[in-house]
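Take a look at the structure below.
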Amino acid sequence: MSSEYESMWKELGLNLDAHDALLGVLGKGYTDIYLAQKERPEGMGYFDFVMSEVHGLRIKELVDEKAQGRKIIGSYCVFVPEEIALAANATLVGLCSGADFVVDQVEKYLPRNTCALIKSAFGFKLGQVCPYLETADMVVGENTCDGKKKAYESLGTLMDNLYVMDLPQMKSVQGRDLLRHEYDRFKTAVEELTGVAITHDSLKQAIGIVNAKRSALHRLAKLRSSDPVVISGLDGLLANQVSFYDNPARFTESVHKMCDELDERILTNQGILPEKTPRILISGCPMAVPNWKLPWIIETSGAVIVGEESCVGERGNRNLTRDTGATIDELMDAITDRYFQVDCAIFTPNQDRLDHIEEMAKDYQADGVIHYGLQFCQPYTMEAIGVENALEKKDIPCLRIETDYGMEDVGQLKTRIEAFIEQFK
Ligand code: BJ8
């Protein structure tokens, strides 16, 4: 891929040596973790291709879109509505933040005890290795946890196109009003960026595109609940990860195509794993590309992951948006209602999340839940205790893991995870 896209990367201002090193690590990780799996659905070929071209063809598509006058918006959080971007003729891409990079430089901006996800966002910027970030005409940060909120103050000094969205912390009437107000403010900012006024029709159409994408992911999630298991958790996670930066219509079609194949597997009773393989639900912090460490450990320890209660997973794509509003205002209300249901751990209290985890454990026939908290992430590591207590009351075993993006703790994690899984055999 290198030579073909080198001039494009150079023009985007990437540090080519550092970028080559990142692609090398990414490629090796993908081969060792993904391509080493057995009996993968043929439909995963599409996602393998997307991953192999993640910094190549997809970036070229975005660069071509820009040449035709379309704007690119990068986002760090599932609270940024793709519907509004699409309605104003812009493309929204998720900025992944799933790997450590230039940590020494990052720690000149952030305290050492900052979560790996935030550090990664800085590392990708300071190391000049993320073509998505460099392609973006606007980068949206959001006031969620304290770490992100304060980090955007520093990140804003490293880029001139950072837009910060405020977010509520409570599911109150005032909280919803704030969200609605912030979505109106975002709509205006996006219209100014693109020079395109959002209409009722364009917003309704955008809602349809995003709903279709989420429906495809719901179909995949439902298929993952089947017994016997027809797709690995690693592959299920990958589809969710790719949903953040692929073209939405093409992504939707590819997920459905793979789901047709999985339907066939169920009909013909072709499980990929022996019956009674322990089934695990993951819950907690988002897992962005290429953060595959924990799922890889779980699935090489004799269990299968049947779902993710995560923003890269069901928390992020759970509900659809009503598209019946007769005015822009009503559609904006519907968007607000949909996103206001996202039960991120930054909300207090957050009983909805506890209920949802229990519900998922039941729906996906999970034997146990592994709660994944990034080290130094206060919202999720604190909430993990409540999650464990709530699950215990329902006799659902739960293992709390705290980790980062480093590989030093792999051996220790494997020992704990194997012991946890053993009880389900
Ligand atoms: S809606 S989960 S994508 S904020 S891991 S940076 S919480 S200290 S990522 Fe998130 Fe939006 Fe919520 Fe979802 Fe802070 Fe924790 Fe780090 Fe986190």
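Between A85 and L92 the shortest heavy-atom distance is CB-CB, 4.1 Å. When all heavy atoms are compared, the tightest approach of L86 to A206 is CB-CB, 3.7 Å. Listed here is the closest heavy atom pair of L217 and V255: N-CG1, 4.4 Å. Shortest non-hydrogen contact noted between L203 and I335 is CD1-CD1, 3.8 Å. Taking both residues in full, the closest heavy atoms of M51 and V289 are given as CE-CG1, 3.9 Å, listed atom of the first, atom of the second, then distance. Contact between I72 and T135 at its shortest, heavy atoms only, is CB-O, 4.0 Å.
Side-chain contact check for Y339 and E83: at least one donor-acceptor pair (N or O, by modelled atom type) lies under 3.5 Å. Using modelled atom types and a 3.5 Å distance limit, the side chains of D146 and Q378 yield no donor-acceptor pair. Using modelled atom types and a 3.5 Å distance limit, the side chains of N317 and R214 yield no donor-acceptor pair. No hydrogens or angles considered: a donor-acceptor pair under 3.5 Å links the side chains of K414 and S301. Between the side chains of K71 and T91, not a single donor N or O lies within less than 3.5 Å of an accepting N or O. Checking Q341 against D337 by side-chain atom types alone, no donor-acceptor pair falls below 3.5 Å. Side-chain contact of R176 with T336: a donor-acceptor pair under 3.5 Å is absent, judged by distance alone. Remark: the Y152 side chain and the E142 side chain contain an N/O donor-acceptor pair separated by less than 3.5 Å. Checking D166 against N143 by side-chain atom types alone, a donor-acceptor pair falls below 3.5 Å. Using modelled atom types and a 3.5 Å distance limit, the side chains of T381 and E402 yield no donor-acceptor pair. A side-chain donor from one of Y364 and E314 sits under 3.5 Å from a side-chain acceptor of the other. Judged purely by distance below 3.5 Å, without hydrogens or angles, the side chains of S225 and D363 never pair a donor atom with an acceptor atom.
A donor-acceptor distance shorter than 3.5 angstrom exists from the side chain of T300 to the backbone of W296, with no hydrogens or angles considered. Side-chain N or O atoms of Y109 include none that pairs as donor or acceptor with a backbone N or O of L158 at under 3.5 Å. Without hydrogens or angle criteria, K204 side chain to T324 main chain gives no donor-acceptor distance under 3.5 Å. Of the possible donor and acceptor atoms, none in the side chain of E309 sits under 3.5 Å from a partner among the backbone N and O of L281. A donor-acceptor pair is defined here as one N or O able to donate and one able to accept, closer than 3.5 Å; no such pair exists between the side chain of S226 and the backbone of K222. At distances below 3.5 Å, at least one donor-acceptor pair connects side-chain atoms of Q423 with backbone N or O atoms of F420. Remark: side-chain polar atoms of T31 are paired, donor with acceptor, to backbone N or O of G27 under 3.5 angstrom. Panel note: side chain K10, backbone N15; no donor-acceptor pair is recorded below 3.5 Å. Between the side chain of N211 and the backbone N or O of T321 there is at least one donor-acceptor pair closer than 3.5 Å. Although no hydrogens or angles enter the test, the distance criterion places no donor-acceptor pair under 3.5 Å between the side chain of K213 and the main chain of P248.
Every residue two or more places apart in sequence or in another chain that forms a side chain to side chain contact (heavy atoms under 4.5 Å, CB included) with S202 is listed here: A87, I198, T199.
Salt bridge status for E153 with K150: present, with a side-chain N to carboxylate O gap under 4.0 Å. At a threshold of 4.0 Å, the pair K171-D343 does not count as salt-bridged, since none of the basic side-chain nitrogens sits closer than that to a carboxylate oxygen. The pair R58-E61 meets the salt-bridge criterion, since a charged nitrogen lies less than 4.0 angstrom from a carboxylate oxygen. Between R322 and E330 there is no salt bridge, since no side-chain nitrogen of the basic residue lies less than 4.0 Å from a carboxylate oxygen of the acidic one.
The CZ atom of F101 sits 11.0 Å away from the SG atom of C130 when rounded to the nearest 0.5 Å. For the atom pair CZ (R279) and CD1 (I421), the distance works out to 13.5 Å, reported to the nearest 0.5 Å. Note that CG of D235 is 6.5 Å distant from OH of Y34, once rounded to the nearest 0.5 Å. The distance from the CG atom of L117 to the CG atom of N291 is 8.5 Å, given to the nearest 0.5 Å. Rounding to the nearest 0.5 Å gives a distance of 11.5 Å between CD1 of I417 and CD of E299. The OH atom of Y380 lies 8.0 Å from the NE2 atom of H371; values are rounded to the nearest 0.5 Å.
The number of heavy atoms from other shown groups lying within 6.0 Å of CD (Q169) is above 12. Enclosure of atom CZ in F376 by more than 12 non-hydrogen atoms of other residues, nucleotides or ligands within 6.0 angstrom is indicated. Atom NZ of K149 has more than 12 neighbouring heavy atoms from other residues, nucleotides or ligands inside a 6.0 Å radius. Around NZ of K28, the count of heavy atoms belonging to other residues, nucleotides or ligands within 6.0 Å does not exceed 12. With a 6.0 Å radius and a threshold of 12 heavy atoms from other residues, nucleotides or ligands, E107 has its CD atom above the threshold.
Below 30°, between 30° and 60°, or above 60°: for W9 and H19 the angle between ring planes is above 60°, a perpendicular geometry. Taking the six-membered ring for Trp and thresholds of 30 and 60 degrees, F340 and F347 have ring planes more than 60 degrees apart, a perpendicular arrangement.
Looking at V78 and F244, their side chains come closer than 4.5 Å, going by heavy atoms from C-beta outward. In this structure, the side chains of E359 and H356 come closer than 4.5 Å at one or more pairs of heavy atoms. Considering only heavy atoms from C-beta on, Y132 comes within 4.5 Å of L62 through its side chain. At least one side-chain heavy atom of L167 sits under 4.5 Å from a side-chain heavy atom of M165. Using a 4.5 Å heavy-atom cutoff, the side chains of L35 and D48 are in contact. Residues M8 and P131 have side chains not in contact (no heavy-atom distance under 4.5 Å, counting atoms from C-beta outward). Looking at I370 and S283, their side chains never come closer than 4.5 Å, going by heavy atoms from C-beta outward. Taking 4.5 Å as the limit, every side-chain heavy atom of L234 sits out of range of all side-chain heavy atoms of I305.
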Is there a side chain to side chain contact (heavy atoms under 4.5 Å, CB included) between L294 and T403? Walk through the geometry before answering. CA-CA 9 Å; L294 187 63; T403 184; 5.5 Å; no

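A cation-pi arrangement, defined by a distance under 6.0 Å to the six-membered ring centre and an angle within 45 degrees of its axis, is absent between K257 and Y46.
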List the atom pairs, donor and acceptor, that lie under 3.5 Å between side-chain atoms in residues 262-276 and the rest of the protein, sequence neighbours left out.
{"from": "D263", "atom 1": "OD2", "to": "R219", "atom 2": "NH2", "distance (Å)": "2.7"}
{"from": "R265", "atom 1": "NH1", "to": "E39", "atom 2": "O", "distance (Å)": "3.2"}
{"from": "R265", "atom 1": "NH1", "to": "V230", "atom 2": "O", "distance (Å)": "2.9"}
{"from": "R265", "atom 1": "NH2", "to": "E39", "atom 2": "O", "distance (Å)": "3.1"}
{"from": "R265", "atom 1": "NH2", "to": "R40", "atom 2": "O", "distance (Å)": "3.4"}
{"from": "T268", "atom 1": "OG1", "to": "E264", "atom 2": "O", "distance (Å)": "2.7"}
{"from": "T268", "atom 1": "OG1", "to": "R265", "atom 2": "O", "distance (Å)": "3.4"}

Enumerate donor-acceptor pairs with a distance under 3.5 Å from any side-chain N or O in residues 390-399 to protein atoms, sequence neighbours excluded.
none

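If you run salt bridge (Lys or Arg N to Asp or Glu O under 4.0 Å) between E308 and each of R315, R318, R224, only R224 comes through. Paired with Y30 under the rule ring pair (Phe, Tyr, Trp, His ring centres under 6.0 Å), one option of F47, W292, F49 passes, and it is W292.
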